[in-house]
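Encoded as structure tokens, the structure appears first; notes follow it.
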Amino acid sequence: MAIFFELYWLDILPMGIAIPPLSSLAFLLSVGVAVCFNISTPDYLVLPMVLAMAFAYLGSLVEYRSRVRFNARMEELEHWSAEGNPTHDITAKIAVKALMANFVSKFALFCISFAIITVILKILQNVYGTLPRLEGLNWHVLLIIAAIGGLLALRVKHAFLSFLTVAAGLIVYVIV
């Protein structure tokens, strides 16, 4: 679950040229599934969050494809810039097309992802009679994991050492 929150912090602090997984998608999917299945405790949220993380990675692929598609418009912008014709402004047209395409692709990804996660969870619920859960997970542990995710998102050299130390402490806490 620390990875889930790491993805959240990566969206908050966009750095570098890499396209991080879409943590906002993972967040919205997790909240949507929690509402749909009336999940109010963190022990039942583990599986929906893990499934949402998988779609967050798929979201970064969708984002990459979108960027590649709109890079083709670069020639059009260069030609317009070299022309120096201020009466024919194409920048707004390109920006609106990019925003609309981005909205449609992300909304479609959300709808498809939500449907798949819902079907998977309904199948598991029918087979096992209840959703799978992680025993011993409470809100305190979840908030500690969230803080670890933020630390990991900073990409600090000693962050993973801190993560392992806290993870070992959490394991002892859950066992005891």
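- Alongside M100, the hydrophobic cluster contains V96 (criterion: ILVMFWY side chains under 4.5 Å).
- Tracing side-chain contacts under 4.5 Å through hydrophobic residues (I, L, V, M, F, W, Y), one never reaches Y64 starting from F107; they form parts of separate clusters.
- Closest approach of L45 and A34 over heavy atoms only: CD2-CB, 3.8 Å.
- Taking OG from S60 and OH from Y57, the interatomic distance works out to 8.0 Å, rounded to the nearest 0.5 Å.
- Proximity of R133 to L47: side-chain heavy atoms (C-beta onward) are nowhere separated by under 4.5 Å.
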Return a table of donor-acceptor pairs under 3.5 angstrom between the side chains of residues 111-127 and protein atoms on other chains or two or more places apart.
residue, atom, partner, partner atom, Å
S113, OG, L109, O, 2.6
T118, OG1, F114, O, 2.7
N126, ND2, K122, O, 3.3

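- Heavy-atom minimum distance, A26 versus A56: CB-CB, 3.9 Å.
- Under the 4.5 Å side-chain heavy-atom criterion for Ile, Leu, Val, Met, Phe, Trp and Tyr, F103 and L99 are members of distinct hydrophobic clusters.
- Contact record, S40 with W139: O-CZ2, 3.3 Å, taken as the closest heavy-atom pair.
- Not one N or O on the side chain of S66 forms a donor-acceptor pair closer than 3.5 Å with the backbone of V62.
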